[in-house]
Amino acid sequence: MSKGFDDIPFFDEEPAPRKPAPAAGGIAARAMAARDKAKRPDYLSGLNPEQTEAVETLEGPVLVLAGAGTGKTRVLTTRIAHILSTGRAFPSQILAVTFTNKAAREMKERIGVLVGHAVEGMPWLGTFHSIGVKLLRRHAELVGLRSDFTILDTDDVVRLIKQLIQAEGLDDKRWPAKQFAGMIDTWKNKGLDPSQIPEGDARAFANGKGRELYAAYQNRLLTLNACDFGDLLLHPIRMFRANPDVLREYHDKFRYILVDEYQDTNTAQYMWLRLLAQRPRAKTEAKAAAPGEARASRSWPDDVSSAPAERSRASGDSVSANHRAEARRGQAAVAPDGAPPRSEPRSGDSVSANRHQQINICCVGDDDQSIYGWRGAEVDNILRFEKDFPGAKVIKLERNYRSTEHILGAAAHLIAHNEGRLGKTLFTERTNPDDEKVHVHAAWDSEEEARAIGEEIEQLQRQKHNLNDIAILVRASFQMREFEDRFVTLGLNYRVIGGPRFYERLEIRDAMAYFRLVCQPADDLAFERIVNTPKRGLGDTTVRTLHDYARARDIPMFAAASDIIETDELKPKARKALFDVVTDFRRWQTLLETTPHTELAEQILDESGYTAMWQADKSAEAPGRLENLRELIRSMEAFESLRGFLEHVALVMDAEQNEDMDAVSIMTLHSAKGLEFDTVFLPGWEEGLFPHQRALDEGGRAGLEEERRLAYVGITRAKRRCHIWFVSNRRIHGLWQSTMPSRFLDELPIDHVEVAEQDVSYGGYGRGGYGQSRFDKADPFENSYQTPGWKRAQQHRSEATRDNWGTRSGHAVERIGYGESGPRTRMIEGELVAKSTTSEPSRFNIGDRVFHLKFGNGNIAAIEGNKLTIDFDRAGQKRVLDGFVERV
DNA sequence: CCTGAGAAGTTTTTT
DNA sequence: ACTTCTCAGG
């Protein structure tokens, strides 16, 4: 069943260990064992009792609930080091899954540091997806693929779906491919085949053809010998269910399973994990080989036994080639610290003993940091761990090593407003009277917010703080721009983390399509992408002809092209052009084996005319694109072959950043998870933005709680200083809106919060010809809240909220001036923003003399709904919302 | 084939 | 309000 197991060249198992093993029971081994007993290994020192327990509880299921900053990664890596150095397993017998490549990389590095060089990497440490790819490359034929299948990214997927929608004769305007791609993704996150999707979902798209379309999509992928990201999880699941013998090999193989960020697992990942982590019960196993078995496990997870039970017998029949190979290596193996790998099979006898070995799963996570519900993560997975794995040991890590007590106190009080938590309380023993409280600041608008934060950062810079220790964490990426603009004018270094990816750029994707087609002539998506890029006179008509020709014969388009140029089906001009393309690719394909890949890549881009195309392009971005192409070639150097590079890009999609520069980090709260900074700025704490209106609309109470967890994540990123900001006016989609401070501000504990009073250094805001700013006044926070817009916001709120939330009111921000409105309800869909677009007749008349806080006095020149055009005495003509001016 | 007008969509993001 | 993409018409 698992043929091809050993002859796929892409991945090597661990290299053979170097040192010979001391004879079992020999003097040296006994001495070492004694030494191990007497002396705790270095890597265990410095762990607190809970961490130690999490590291040393190696048998049975373990759930580690690790609050923010409690040493989660340290526990994981130390646990692995412990398993390895006590010889309980080889690196290749440990399955360790993370969500991001970054986390996987970090873990590898840290394990390397702990155990030294003796461990040459861990072949099964990686993201769910990269491990999925590895499994699939080995067993591709079991799910109807070839092992050289391509991995499609979202862009490819959307284009493919668009083709399918058109092929169905549907209007691709009415039924956007992108939307359907999203639906498929959601289904796949839940582990659903086309046959399993809810009827409602199936009907919701394409005149009820949702299900057919999904099925057609899956078929097309198989024809293309391709996978989307979801398939990287689902195919292995299918494969394991249909082939219990293959699954058994992996049960035997993986003694220890570790999962990072368990709160982020979606249903598919959960299914995947349970398949690998739970051996079937003895009873089930007896009929495991029966064909019906795969079917029987369909309704899983509900009917699967929860206990990772031991097997009743060793069925010596299926020790795989791989397993034997591993056992062979075991003969000569030495664990990193020199101790013999005790439980490694050394004889036929211990091989069968091994078959009784239980699989030890350890999941690490924090329910309070679950912020990916919107993309299918199921917090529930972590909440029901004990049910899934009876007898599980649950260890809470609550001792925080990162933040001051004020920061922790603020975060804890905030998150306590969530229900349905497992309930942890972080604490720290480091208290220092000098520690700053969490600061809450108000600003007039987002521009001022950016300016003030910019100044504060310059202040820190003058105090010799590293910019690298400072971060601005925003809720939505559009907030970043204002900071970037400001920092550019200030000349302050910054780096934006996240954002558009290198490998998603047009020119990079084009170049990659060339490379893909060279390596993989059946890659139709790549073919279509570049067949006429640069322009070769192979327009729609030619491509359609090719497409039809290929479909009719069920061959790839490249093959169709090769055929069709032998016929006279095309016009001479197109035929010649196509002939050239085909000959080019054939030539490059032959060079693949002989020419160094970077050289070949360059050659491809040059000879295809792709480079020339951008050189001829006179647009502003052309030079940048050329630079990116050079960068692409450069980044290939680190890889052995074009194929290896393609694989890496498909999975990683990320190019690393320049870490050398001292710069402020700007990123979203989501991408900040797992990071820490001395000083953290959290701008934009306003209703509607944070919590985000859409999260509330679509997620209801759960949505609100997830937003609150996001706030929690934000605050807990800070080690020493945390500055929260909100503004009264923000431009959203071009419209200025008055905003209300976030309800999360009310949920901060007054004891740990300090509301910023007037700060001399802010005195300059709003001057520069605009007349008076709020900050020019004695109480900077008082007057802004007396504007009509503000008052209206107040009114809206008190109407909407007057009642029942007796818990507490927001004294934290009381001094800012809106505390008098009293307790608020915990409304989810309240009137959150004083809507500036009303259709009521204006309160103003043309010619009225008015005052605006920012622009000063002026006369109304025109009225358009609630928008006023005003000739200001000092600031000139401006359009403003009527909420922001007062008659004088 | 190129260009410009019009439409649509603007939470969070990995793989 | 702004950007980005699509498509129609030159």
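A, B, ... follow the sequence lines: proteins, then strands. Residue 1 opens every chain.
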Open item on the list: Does C/dC5 have OP1 or OP2 under 4.0 Å away from a side-chain N or O of A/K178?
Closed with: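 For C/dC5, OP1/OP2 do not have a side-chain N/O of A/K178 under 4.0 Å.
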
Open item on the list: Quick check: on DNA chain B, is the nucleotide nearest A/K535 upstream (toward 5') of the one nearest A/T668, or the reverse? Name the residue that is more 5'.
Closed with: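 Its nucleotide being nearer the 5' end, the pick is A/K535.
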
- [ ] Could you pick out which residue, A/N532 or A/L710, lies toward the 5' side of DNA chain B when each is mapped onto its nearest nucleotide?
- [x]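 In this pair, the answer is A/N532.
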
- [ ] Mind calculating the distance between CH2 (A/W736) and C1' (C/dC2) to the nearest angstrom?
- [x]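 Those two atoms, CH2 and C1', are 14 Å apart.
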
Do [X] and [Y] pair up side chain to side chain, a donor and an acceptor below 3.5 Å, judged on atom types alone?
X: A/E261; Y: A/Q263; result: yes
X: A/N225; Y: A/D148; result: yes
X: A/Q520; Y: A/D523; result: no

Task: is_close_aromatic(A/W725, A/F681), centroid dist under 6.0 Å - done: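 Ring-ring flag for A/W725/A/F681: false, centres at least 6.0 Å apart.
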
Task: Whole-Å P distance, C/dT4 and B/dT11 - done: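 Those two atoms are separated by 15 Å.
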
Task: Under 3.5 Å: donor-acceptor pair, side chain of A/N381, backbone of A/T265 - done: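 It does hold such a pair.
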
- [ ] Go through DNA chain B in 5' to 3' direction and return only the first and the last nucleotide with some atom under 4.0 Å of chain A's heavy atoms.
- [x]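 Extent of the interface on DNA chain B: B/dC1 to B/dT15.
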
Task: Geometric cation-pi criterion, A/R375 with A/Y372: 6.0 Å, 45° - done: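 Flagged: A/R375 positioned over aromatic ring of A/Y372.
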
Open item on the list: Using a heavy-atom cut-off of 4.0 Å across all strands, would you classify A/Q479 as base, sugar-phosphate, or nothing?
Closed with: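 It contacts nothing in the nucleic acid.
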
Open item on the list: Categorize A/N101 for me: base, sugar-phosphate, or nothing, with a 4.0 angstrom heavy-atom threshold over every strand shown.
Closed with: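 Touches sugar-phosphate only.
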
